[in-house]
Amino acid sequence: MMDGPGTAGAGLRIARQARGFSQQQLAGMAGVSRQAVSAVESGHSDPSLRVALALAQALGLSVEQLFGPGEPTATVTAVSVAPLAAPRVGGQAAGPPPAERRAAGDRAAGERVMLAPVGDRFVALPLRGDTGVGLGFLPAGGLAVREGRIGPSAPSGPSAPSAVAAIPGGADGAGSAVAPPATFEEIAVRPIGPPRPTVVVAGCDPALPLLATPLSLLDPPVAFAWWPCGSGEALRLARAGLVHAAGVHTQTGNGNGNGNDGAGLPAGAEVVGFTAWREGLVVRPDLRAVATGLDAIARRRLRIVNREPGAEARRLLDRELARLHLEPADLIGYDAEAAGHLQVASAVAAGLADAGVASEPAARAYGLAFVPLAHERFNLVIPAEHAASREAQALLRVLTSPWLLAQLASTPGYDASPCGERLTDPRPA
C-alpha cells in the first residue's frame, strides 16, 4: 500500500491539514483513537485495513488515494521561518508601487522551500541565497503558492509565549541584514512529493549539515534541514516551536560555558553539546603581521565585515570594542554584514574586507590568518515540546555516531569532545 517509509503518514497528514481537521477531530470522525492517527502520521506504525478504511471514508477519499503511491497535489498550511519574496505588512504588500509589488508577488509564486513536519504542523524554510545552495542547488520540498498567504501563525507548545507577537525580534536578528518580523507568516505550500520525517535545526555552525549522513542511515531514515542563522534568531525559532533544535554558541570560562544558564532558552529545554572552537579575527594572510587585534585594525584603517545583530560573533566583536574603549565608528565596515562564519571568511578571502569575526574552522577552511579572542562551545537546544519526538530522538542518537565524531575531529579547528554531552536533565527534579 505504501511506496516507502513514512509515505502513509505524510499522505494522511497532508489530507487532514488540507481539510483543516485536528488529529482529535479526524479520530472522532473515523471512530479511532487520536493515538492511532498520530502513530500513522509520525511513521511509527502502518494503519490496519480497518483503520485505513475508516480514515479514508472520514476524509472523503479512497484508500488508494489516501495511502497509495503518487505525488500529493493539495496544498498544506505551513509556517514560514522567514518572509517570502514579497513580505506583507498588515495584510498588504510592503514597499514599492503596485506594479512592482505584483512583479515581486509573481517571483514569490512557486518559491522553493524546504518543507518539514515539526510537531503537529509544517514548517517552510525558503531556499534562496546561501540558504538554497551548498555546492549546488538543494532539493526543495514544495512550492509556495502566491495567493496562499494566510496570516500570522499561532504559537505552539509549552515553550511558546502567550501570543506570537510577544516573540522578540529586532535585537535577536535574523540570518540577514533585515530584522525578522515579530510574527511568523502562515503560507500555503504545494508539496513536491510527500514530506517525510525531517530534523530541522537552526544555527550558524557550518558543520551542522554533517548530521544529514548518519540520520539518513537510520532505519527508517530521517531527513535533515538546516536553517543558517545567528544564535539569537535560532533561539527565537526554538521558542516558537518551529525547529527541533537551535544551535547556540557561548563562551567558555565566563560562568555560562555550559550554555544552560537559562537566558533566552525555551522553558524546560534540553541542552546537548555539539562542538567547541575558538572564535576570533579572520585576517587576510598578507596582513598577518599587522592585524594583530581590533585596535591595530582600527589604527591602520583596515576594513572589516561584521555579522548580523543577534549573532554571537557580533556580540564578541562589540565586547572587544568595549574592552579596548573603541566605538563602532572607529571600524571601517562595521555596518557591512555577512550571514555566517563561512560567509565572513569568504568575503575576506575574496578581498572584500581585510578582516572579520568568525570561527577558527572557517578561517582555516579559507587559508586565512586567525587571531583568537574567545573559546566557545556550540550547543543544541531542544525545546521540551519536541524532546520526545521521533526527530529529536533521532538527532540525539546520531550525535554519538562514530562517523560524525570522526568527521568533526578531522575538520581543522573543531573540538569534537562535547558532541552528544547532555548538559541539562529534562526530567523534573
Side-chain angles (χ1 to χ4, degrees), residues 175 199 201-214 224 226 228-235 238 243-265 269-283 307 310-320 340-345 356-366 368-382 395-425:
V199 174
V201 179
C204 65
D205 188 353
L208 284 171
L210 292 174
L211 291 166
T213 295
F224 178 77
W226 176 37
C229 63
S231 297
E233 174 67 359
L235 282 175
V243 295
H244 295 107
V248 179
H249 55 114
T250 56
Q251 290 188 41
T252 59
N254 65 352
N256 67 347
N258 283 345
N260 62 348
D261 61 350
L265 300 186
E270 181 173 359
V271 182
V272 185
F274 185 58
T275 57
W277 58 41
R278 294 190 299 177
E279 187 103 17
L281 298 174
V282 298
V283 179
R307 285 288 304 280
E312 185 60 30
R314 187 183 182 111
R315 294 192 184 104
L316 176 60
L317 184 145
D318 288 342
R319 287 194 294 266
E320 186 68 5
H341 295 280
L342 294 181
Q343 287 81 355
V344 168
V357 178
S359 66
E360 184 178 11
R364 297 182 68 172
Y366 279 87
L368 301 173
F370 183 73
V371 180
L373 297 177
H375 289 265
E376 296 186 341
R377 290 185 60 136
F378 187 85
N379 300 320
L380 298 176
V381 177
I382 301 175
L395 174 61
L396 292 173
R397 180 178 172 185
V398 301
L399 286 176
T400 57
S401 158
W403 183 92
L404 176 64
L405 296 175
Q407 290 291 322
L408 290 173
S410 68
T411 305
Y414 277 111
D415 175 6
S417 61
C419 194
E421 179 185 357
R422 303 287 186 97
L423 302 177
T424 58
D425 188 346

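Here Ile382 contributes atom CD1 and Arg422 contributes atom CZ; the two are 7.0 Å apart, rounded to the nearest 0.5 Å. Between Leu208 atom CG and Phe378 atom CZ the span is 4.5 Å, to the nearest 0.5 Å. In this structure, CD in Glu312 is found 9.0 Å from SG in Cys204, a value given to the nearest 0.5 Å. Taking SG of Cys419 as the start and CG of Leu404 as the end, the distance is 4.5 Å to the nearest 0.5 Å.
Scanning all heavy atoms of the two residues, the minimum distance from Ala416 to Ala409 falls at CB-N, 4.0 Å. The nearest pair of heavy atoms linking Gly247 to Ala234 is O-CB, 3.7 Å. The two atoms that bring Pro206 and Trp226 nearest to each other are CA-CH2, 3.9 Å, heavy atoms only. Heavy-atom minimum distance, Ala202 versus Val243: CB-CG1, 4.0 Å. Here the closest heavy-atom approach between residue Ala269 and residue Val381 is recorded as CB-CG1, 3.7 Å. In terms of heavy atoms, Ala369 sits closest to Ala363 at O-CB, 4.3 Å.
Between Trp277 and His249, the ring planes are perpendicular. Angles over 60° get that label, and only those under 30° would be called parallel.
In this structure the side chain of Val272 never reaches within 4.5 angstrom of the side chain of Leu423, judged on heavy atoms. At least one side-chain heavy atom of Leu211 sits less than 4.5 Å from a side-chain heavy atom of Phe274. Between Arg307 and His341 there is a side-chain heavy-atom pair separated by less than 4.5 Å. Under the 4.5 Å side-chain criterion, counting only non-hydrogen atoms from C-beta, Leu235 is in contact with Leu265. Contact check for Leu342 versus Tyr366: side-chain heavy atoms found under the 4.5 Å cut-off. Counting heavy atoms from C-beta on, the side chains of Trp403 and Thr213 come closer than 4.5 Å.
For the side chain to side chain contact (heavy atoms under 4.5 Å, CB included) test with Phe370, the passing option among Glu360, Glu279, Arg364 is Glu360; the others fail.
Within the 3.5 Å criterion, the main-chain N or O of Thr275 finds no donor-acceptor partner in the side chain of Arg377. Ser401 places no side-chain N or O within 3.5 Å of a backbone atom of Arg397 that could act as its donor or acceptor partner.
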